Novice: 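Sharing a structure with you now.
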Amino acid sequence: MKKSKLKRSFFNRSTVEVAVDILGKVLICRDGSTKLGGRLVEVEAYIGRDDPACHASKGRTPRNEIMFGKPGLLYVYFTYGNHYMLNIVTEREGFPAAVLLRGLEPVYGINQMMKNREVNKVTNIANGPGKISQALGITTRQKGVDVTGDRIYLVDDKTKPDEIWCSPRIGIGADGADRMWRFFIKGNSYVSRAPKHICEMARVFNKGIR
DNA sequence: TATTGGATCGCC
DNA sequence: GCGATCCAATAG
(Lines give C-alpha, C1' and ligand atoms only; values in the text may rest on other atoms or scores of the structure.)
Protein backbone atom coordinates (compact mmCIF):
# COMPACT_ATOMS: atom_id res chain seq x y z
CA MET A 1 0.00 0.00 0.00
CA LYS A 2 1.35 3.41 -0.97
CA LYS A 3 1.28 6.55 1.10
CA SER A 4 -0.76 9.39 -0.35
CA LYS A 5 -1.27 13.07 0.40
CA LEU A 6 -4.83 14.06 1.27
CA LYS A 7 -6.47 16.08 -1.51
CA ARG A 8 -9.01 18.85 -1.29
CA SER A 9 -11.86 16.43 -1.93
CA PHE A 10 -11.06 14.79 1.41
CA PHE A 11 -11.95 18.01 3.23
CA ASN A 12 -14.91 18.88 0.99
CA ARG A 13 -17.30 16.57 2.87
CA SER A 14 -19.44 16.68 5.97
CA THR A 15 -17.34 17.81 8.92
CA VAL A 16 -18.15 14.78 11.07
CA GLU A 17 -16.97 12.47 8.29
CA VAL A 18 -13.75 14.44 7.91
CA ALA A 19 -13.20 14.47 11.69
CA VAL A 20 -13.54 10.71 11.93
CA ASP A 21 -11.49 9.95 8.81
CA ILE A 22 -8.64 12.29 9.71
CA LEU A 23 -7.87 10.27 12.84
CA GLY A 24 -4.81 8.15 12.12
CA LYS A 25 -3.59 10.44 9.33
CA VAL A 26 -0.14 12.03 9.63
CA LEU A 27 0.22 15.82 9.77
CA ILE A 28 3.51 17.13 8.34
CA CYS A 29 4.94 20.65 8.67
CA ARG A 30 7.99 21.42 6.55
CA ASP A 31 10.16 24.48 7.01
CA GLY A 32 13.36 24.36 5.01
CA SER A 33 15.09 21.16 6.01
CA THR A 34 12.98 20.82 9.17
CA LYS A 35 10.17 18.28 9.16
CA LEU A 36 7.82 18.16 12.15
CA GLY A 37 4.65 16.19 12.61
CA GLY A 38 2.78 13.18 13.80
CA ARG A 39 -0.38 11.12 13.78
CA LEU A 40 -3.70 12.73 14.66
CA VAL A 41 -5.46 11.00 17.53
CA GLU A 42 -8.05 13.54 18.73
CA VAL A 43 -10.18 16.17 16.93
CA GLU A 44 -13.43 18.10 17.28
CA ALA A 45 -16.00 19.25 14.71
CA TYR A 46 -17.41 22.79 14.54
CA ILE A 47 -20.22 22.98 12.05
CA GLY A 48 -21.91 26.02 10.58
CA ARG A 49 -24.23 28.74 11.81
CA ASP A 50 -26.52 26.35 13.66
CA ASP A 51 -23.72 25.15 15.94
CA PRO A 52 -23.66 27.61 18.86
CA ALA A 53 -20.07 26.65 19.69
CA CYS A 54 -18.84 27.39 16.16
CA HIS A 55 -17.08 30.74 15.81
CA ALA A 56 -19.20 31.44 12.75
CA SER A 57 -22.52 30.90 14.56
CA LYS A 58 -23.07 34.65 14.70
CA GLY A 59 -21.92 35.34 11.19
CA ARG A 60 -18.78 36.38 9.44
CA THR A 61 -16.12 38.39 11.30
CA PRO A 62 -12.48 39.22 10.56
CA ARG A 63 -11.38 36.40 12.83
CA ASN A 64 -13.55 33.61 11.43
CA GLU A 65 -13.78 34.52 7.74
CA ILE A 66 -11.32 31.80 6.76
CA MET A 67 -13.93 29.27 7.89
CA PHE A 68 -16.06 30.40 4.95
CA GLY A 69 -13.25 29.69 2.54
CA LYS A 70 -12.10 26.64 0.63
CA PRO A 71 -11.95 23.28 2.38
CA GLY A 72 -8.37 22.44 3.29
CA LEU A 73 -7.33 25.90 4.48
CA LEU A 74 -5.87 26.39 7.97
CA TYR A 75 -7.96 28.34 10.44
CA VAL A 76 -5.74 29.49 13.31
CA TYR A 77 -6.85 31.71 16.16
CA PHE A 78 -5.38 32.94 19.43
CA THR A 79 -7.15 32.43 22.75
CA TYR A 80 -6.77 32.63 26.53
CA GLY A 81 -3.95 35.08 26.05
CA ASN A 82 -1.54 32.21 25.39
CA HIS A 83 -2.63 29.63 22.89
CA TYR A 84 -3.02 29.15 19.16
CA MET A 85 -5.74 26.74 18.04
CA LEU A 86 -5.17 24.86 14.79
CA ASN A 87 -8.17 23.96 12.64
CA ILE A 88 -8.68 22.71 9.09
CA VAL A 89 -11.61 24.14 7.15
CA THR A 90 -14.16 21.62 5.91
CA GLU A 91 -17.21 21.44 3.63
CA ARG A 92 -18.00 23.45 0.52
CA GLU A 93 -16.73 27.00 0.14
CA GLY A 94 -19.18 29.40 1.78
CA PHE A 95 -20.25 26.95 4.48
CA PRO A 96 -18.36 27.80 7.69
CA ALA A 97 -17.04 24.66 9.38
CA ALA A 98 -13.75 23.20 10.56
CA VAL A 99 -12.04 20.43 12.46
CA LEU A 100 -10.00 21.42 15.53
CA LEU A 101 -6.84 19.37 16.01
CA ARG A 102 -6.53 18.42 19.69
CA GLY A 103 -4.15 15.47 19.97
CA LEU A 104 -1.13 14.35 17.95
CA GLU A 105 1.19 11.40 18.43
CA PRO A 106 4.69 12.74 17.66
CA VAL A 107 6.48 11.02 14.76
CA TYR A 108 8.80 13.46 12.93
CA GLY A 109 11.18 15.97 14.55
CA ILE A 110 10.53 14.83 18.09
CA ASN A 111 13.65 16.52 19.47
CA GLN A 112 12.80 19.83 17.84
CA MET A 113 9.20 19.64 19.07
CA MET A 114 10.39 18.98 22.61
CA LYS A 115 12.58 22.08 22.34
CA ASN A 116 9.67 24.13 21.02
CA ARG A 117 7.56 23.01 23.95
CA GLU A 118 10.33 23.03 26.56
CA VAL A 119 9.34 19.59 27.77
CA ASN A 120 11.23 16.31 27.92
CA LYS A 121 8.43 13.75 27.81
CA VAL A 122 7.10 12.68 24.43
CA THR A 123 3.65 12.26 25.94
CA ASN A 124 3.60 15.97 26.82
CA ILE A 125 4.50 17.33 23.39
CA ALA A 126 1.16 17.55 21.64
CA ASN A 127 -1.63 16.13 23.85
CA GLY A 128 -3.76 19.27 23.64
CA PRO A 129 -4.75 21.83 21.00
CA GLY A 130 -2.49 24.64 22.25
CA LYS A 131 0.37 22.20 22.59
CA ILE A 132 0.12 21.01 18.98
CA SER A 133 0.52 24.55 17.67
CA GLN A 134 3.43 25.30 19.97
CA ALA A 135 5.19 22.05 19.08
CA LEU A 136 4.81 22.69 15.35
CA GLY A 137 5.51 26.43 15.52
CA ILE A 138 2.02 27.34 14.29
CA THR A 139 0.70 30.86 14.91
CA THR A 140 -1.81 33.09 13.16
CA ARG A 141 0.90 33.64 10.53
CA GLN A 142 -0.19 30.25 9.17
CA LYS A 143 -3.85 31.27 8.96
CA GLY A 144 -5.06 30.52 5.44
CA VAL A 145 -2.25 28.13 4.50
CA ASP A 146 -3.56 25.48 2.12
CA VAL A 147 -2.92 21.94 3.36
CA THR A 148 -3.04 20.61 -0.17
CA GLY A 149 0.24 22.48 -0.72
CA ASP A 150 3.74 21.28 0.12
CA ARG A 151 4.55 23.15 3.33
CA ILE A 152 1.84 21.76 5.63
CA TYR A 153 -0.08 18.68 4.53
CA LEU A 154 -1.58 15.37 5.61
CA VAL A 155 -0.53 11.88 4.65
CA ASP A 156 -2.56 8.70 4.60
CA ASP A 157 -0.11 5.88 5.28
CA LYS A 158 -2.90 3.32 5.32
CA THR A 159 -2.58 2.72 9.04
CA LYS A 160 -5.91 1.68 10.51
CA PRO A 161 -6.67 3.48 13.76
CA ASP A 162 -8.01 1.51 16.70
CA GLU A 163 -11.55 2.03 17.94
CA ILE A 164 -12.86 5.54 17.48
CA TRP A 165 -14.85 6.97 20.38
CA CYS A 166 -16.73 10.22 20.80
CA SER A 167 -17.74 12.62 23.57
CA PRO A 168 -19.03 16.16 23.99
CA ARG A 169 -16.53 18.84 22.98
CA ILE A 170 -14.20 20.21 25.63
CA GLY A 171 -14.44 23.72 27.02
CA ILE A 172 -17.87 24.34 25.48
CA GLY A 173 -20.64 25.85 27.60
CA ALA A 174 -24.18 24.51 27.82
CA ASP A 175 -24.91 25.73 24.30
CA GLY A 176 -23.58 23.03 22.04
CA ALA A 177 -22.48 20.66 24.80
CA ASP A 178 -25.12 18.17 23.73
CA ARG A 179 -23.34 17.37 20.48
CA MET A 180 -20.99 14.39 20.55
CA TRP A 181 -18.51 15.99 18.19
CA ARG A 182 -15.21 15.20 19.84
CA PHE A 183 -13.59 12.13 18.29
CA PHE A 184 -10.52 10.30 19.52
CA ILE A 185 -8.66 7.01 19.31
CA LYS A 186 -9.64 5.04 22.37
CA GLY A 187 -6.76 4.30 24.71
CA ASN A 188 -4.17 6.35 22.83
CA SER A 189 -1.60 8.00 25.13
CA TYR A 190 -1.56 11.26 23.18
CA VAL A 191 -5.21 12.17 23.68
CA SER A 192 -5.54 15.37 25.74
CA ARG A 193 -6.51 15.28 29.37
CA ALA A 194 -10.26 15.78 29.40
CA PRO A 195 -12.89 16.42 32.05
CA LYS A 196 -15.06 13.49 33.01
CA HIS A 197 -17.34 13.37 30.04
CA ILE A 198 -19.69 10.77 28.78
CA CYS A 199 -17.74 8.84 26.16
CA GLU A 200 -19.04 6.19 23.87
CA MET A 201 -17.90 4.18 20.92
CA ALA A 202 -18.67 6.00 17.70
CA ARG A 203 -20.41 2.91 16.40
CA VAL A 204 -21.46 4.28 13.05
CA PHE A 205 -17.82 4.92 12.25
CA ASN A 206 -16.37 1.64 13.44
CA LYS A 207 -17.65 -0.68 10.76
CA GLY A 208 -16.03 -4.03 11.09
CA ILE A 209 -14.90 -3.53 14.67
CA ARG A 210 -16.60 -5.52 17.35
C1' DT B 1 -13.54 53.47 24.32
C1' DA B 2 -14.55 49.93 27.97
C1' DT B 3 -15.72 45.47 29.33
C1' DT B 4 -16.01 40.65 29.22
C1' DG B 5 -14.87 36.05 28.62
C1' DG B 6 -12.63 32.41 26.02
C1' DA B 7 -12.52 25.51 21.28
C1' DT B 8 -6.17 26.29 27.40
C1' DC B 9 -2.23 25.21 30.13
C1' DG B 10 0.70 24.52 33.93
C1' DC B 11 1.38 24.73 38.47
C1' DC B 12 -0.46 24.66 43.37
C1' DG C 1 -8.64 23.76 41.49
C1' DC C 2 -7.07 28.38 39.97
C1' DG C 3 -4.56 32.30 37.93
C1' DA C 4 -2.12 34.04 33.80
C1' DT C 5 -2.67 36.60 29.78
C1' DC C 6 -4.41 39.33 25.61
C1' DC C 7 -7.31 39.55 21.80
C1' DA C 8 -11.93 39.63 19.58
C1' DA C 9 -16.53 40.64 20.01
C1' DT C 10 -20.06 43.32 21.85
C1' DA C 11 -22.03 47.03 24.21
C1' DG C 12 -22.25 51.89 25.31
Side-chain angles (χ1 to χ4, degrees), chain A residues 11 14-16 18-20 22-23 27 38 40-69 71 73-91 95-106 113-145 147 165-185 189-199 202:
Chain A
F11 305 100
S14 85
T15 307
V16 167
V18 176
V20 169
I22 209 168
L23 292 174
L27 175 67
L40 294 174
V41 300
E42 178 187 355
V43 298
E44 285 176 355
Y46 289 86
I47 314 178
R49 297 170 184 277
D50 296 335
D51 173 7
C54 178
H55 283 173
S57 62
K58 290 176 183 147
R60 193 169 181 140
T61 67
R63 179 174 68 162
N64 69 29
E65 65 176 356
I66 268 294
M67 294 185 86
F68 292 80
L73 300 184
L74 292 188
Y75 170 47
V76 185
Y77 68 92
F78 183 72
T79 192
Y80 290 111
N82 298 292
H83 306 292
Y84 295 98
M85 301 287 127
L86 176 57
N87 300 253
I88 302 176
V89 174
T90 57
E91 314 222 15
F95 185 95
V99 167
L100 169 69
L101 310 185
R102 295 191 54 93
L104 176 140
E105 177 176 340
M113 291 196 286
M114 285 198 290
K115 271 189 200 167
N116 292 349
R117 288 268 304 124
E118 298 184 309
V119 299
N120 49 27
K121 287 210 311 268
V122 177
T123 47
N124 194 23
I125 292 176
N127 58 331
K131 298 179 184 183
I132 293 181
S133 297
Q134 190 178 30
L136 299 174
I138 300 285
T139 70
T140 44
R141 290 195 308 276
Q142 277 74 37
K143 188 174 175 178
V145 168
V147 299
W165 282 50
C166 59
S167 83
R169 294 168 293 181
I170 295 176
I172 299 299
D175 265 15
D178 53 320
R179 293 158 164 88
M180 301 287 278
W181 283 348
R182 169 177 173 249
F183 301 95
F184 57 98
I185 298 177
S189 325
Y190 304 91
V191 170
S192 70
R193 180 168 159 265
K196 282 183 182 164
H197 264 147
I198 306 157
C199 297

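Everything numeric here is computed off the predicted structure, so don't read it as measured data. Below, chain A is the first sequence line, B the second, and so on; all start at residue 1.
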Novice: How long is the gap from CG on Leu40(A) to CG on Leu27(A), to the nearest 0.5 Å?
Specialist: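 With rounding to 0.5 Å, CG (Leu40(A)) is 5.5 Å from CG (Leu27(A)).
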
Novice: I'd like to check the side chain to side chain contact (heavy atoms under 4.5 Å, CB included) partners of Pro106(A); sequence neighbours left out, ordered by chain and number.
Specialist: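 Side chain to side chain contact (heavy atoms under 4.5 Å, CB included) list for Pro106(A), sorted by chain: Ile110(A), Met113(A), Val122(A), Ile125(A), Tyr190(A).
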
Novice: Could you spell out the base pairing of DNA chain B in dot-bracket, with Watson-Crick or G-U pairs whose two distances are under 3.5 Å, [ ] crossing and | to another strand?
Specialist: ||||||.||||.

Novice: Working to the nearest 0.5 angstrom, can you tell me the gap between Thr61(A) OG1 and Met67(A) CE?
Specialist: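 Going from the OG1 atom of Thr61(A) to the CE atom of Met67(A) covers 10.0 Å.
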
Novice: Hey, does Leu100(A) reach any base, or is it just sugar-phosphate, or nothing, if we go heavy atoms under 4.0 Å?
Specialist: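 Counting heavy atoms under 4.0 Å across all strands, the contact made by Leu100(A) includes a base.
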
Novice: Strictly by salt bridge (Lys or Arg N to Asp or Glu O under 4.0 Å), give each pair with a member in residues 47-60 of chain A just once, sequence neighbours left out.
Specialist: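 Listed by first then second residue: Asp51(A)-Arg169(A).
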
Novice: Taking only residues two or more places apart in sequence, or in another chain, which ones meet Tyr77(A) in a ring pair (Phe, Tyr, Trp, His ring centres under 6.0 Å)?
Specialist: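 For Tyr77(A), the residues satisfying ring pair (Phe, Tyr, Trp, His ring centres under 6.0 Å) (neighbours in sequence not counted) are His55(A), Tyr75(A).
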
Novice: Hey, can you pull the residues of residues 52-65 of chain A with a non-hydrogen atom under 4.0 angstrom from DNA chain B?
Specialist: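 Within residues 52-65 of chain A, the residues near DNA chain B are Ala53(A), His55(A).
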
Novice: When the nearest nucleotide of DNA chain B is assigned to Asn124(A) and to Met67(A) on a heavy-atom basis, which residue is associated with the more 5' position?
Specialist: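 First, find each residue's nearest nucleotide; the 5'-ward one identifies Met67(A).
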
Novice: Partners of Tyr84(A) by ring pair (Phe, Tyr, Trp, His ring centres under 6.0 Å), sequence neighbours excluded?
Specialist: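 Partners of Tyr84(A) under the ring pair (Phe, Tyr, Trp, His ring centres under 6.0 Å) test: Phe78(A).
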
Novice: Is there a residue in residues 80-90 of chain A whose heavy atoms reach under 4.0 Å of DNA chain C, and which residues are they?
Specialist: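 Under 4.0 Å from DNA chain C: Tyr80(A), Gly81(A), Asn82(A).
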
Novice: I'd like to know if the side chain of Glu105(A) and the backbone of Val41(A) have a donor-acceptor N/O pair within less than 3.5 Å.
Specialist: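 It does not hold such a pair.
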
Novice: When you measure from the side chain of Gln142(A) to the backbone N and O of Leu74(A), does any donor-acceptor pair fall under 3.5 Å?
Specialist: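 No.
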
Novice: Using a 4.0 Å cut-off on heavy atoms, which residues in residues 130-142 of chain A reach DNA chain B? List them by number, or say none.
Specialist: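 Those residues are Gly130(A), Lys131(A).
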
Novice: Under 4.0 Å from any heavy atom of chain A: name the first and the last nucleotide of DNA chain B that qualifies, 5' to 3'.
Specialist: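 First and last nucleotides in contact are dG6(B) to dG10(B).
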
Novice: Taking Asn64(A) for its side chain and Gly59(A) for its backbone only, find out whether a donor-acceptor pair lies under 3.5 Å.
Specialist: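 Side chain of Asn64(A) to backbone of Gly59(A): a pair is present.
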
Novice: Students should find this one: the first and last nucleotides of DNA chain C, 5' to 3', lying under 4.0 Å from a heavy atom of chain A. What are they?
Specialist: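 On DNA chain C, the outermost contacted nucleotides are dA4(C) to dT10(C).
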
Novice: What are the two closest non-hydrogen atoms of Pro129(A) and Met85(A), and how far apart are they?
Specialist: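 Reported closest heavy-atom pair: CB-SD, 3.6 Å.
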
Novice: With rounding to the nearest 0.5 angstrom, report the OG to CG distance, Ser133(A) to Leu104(A).
Specialist: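 If we round to the nearest 0.5 Å, Ser133(A):OG and Leu104(A):CG are 10.5 Å apart.
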
Novice: In Å, rounded to the nearest 0.5 Å, how long is the span from CG of Leu86(A) to OG1 of Thr140(A)?
Specialist: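 Atom-to-atom, Leu86(A):CG and Thr140(A):OG1 are 12.0 Å apart.
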
Novice: Search all heavy atoms of Met180(A) against all heavy atoms of Phe183(A) and return the closest pair with its distance.
Specialist: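 It is O-CZ, 3.6 Å.
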
Novice: So how far is it from Phe11(A) CZ to Ile88(A) CD1, rounded to the nearest 0.5 Å?
Specialist: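 Interatomic distance, Phe11(A) CZ to Ile88(A) CD1, rounded to 0.5 Å: 5.0 Å.
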
Novice: Could you list the residues that satisfy side chain to side chain contact (heavy atoms under 4.5 Å, CB included) with Asn124(A), not counting sequence neighbours?
Specialist: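 Scan of Asn124(A) (side chain to side chain contact (heavy atoms under 4.5 Å, CB included), adjacent residues dropped) gives Arg117(A), Val119(A), Lys121(A), Asn127(A), Lys131(A).
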
Novice: Within the 4.0 Å heavy-atom criterion, would you say Arg182(A) contacts the bases, only the backbone, or no part of the nucleic acid?
Specialist: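 Nothing: the residue Arg182(A), judged by heavy atoms under 4.0 Å, touches no strand.
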
Novice: With Ser14(A), which residues qualify under side-chain hydrogen bond (donor to acceptor under 3.5 Å, both in side chains), at least two apart?
Specialist: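 Once residues adjacent in sequence are excluded, the partners of Ser14(A) under the side-chain hydrogen bond (donor to acceptor under 3.5 Å, both in side chains) criterion are Glu17(A).
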
Novice: Of the non-hydrogen atoms in Arg182(A) and Ala194(A), which two are nearest, and what is the gap between them?
Specialist: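 What the structure gives for the nearest pair is NH2-CB, 3.7 Å.
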
Novice: As an exercise, state the distance from OG1 of Thr15(A) to CG of Leu100(A), rounded to the nearest 0.5 Å.
Specialist: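 Answer rounded to 0.5 Å: 12.5 Å.
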
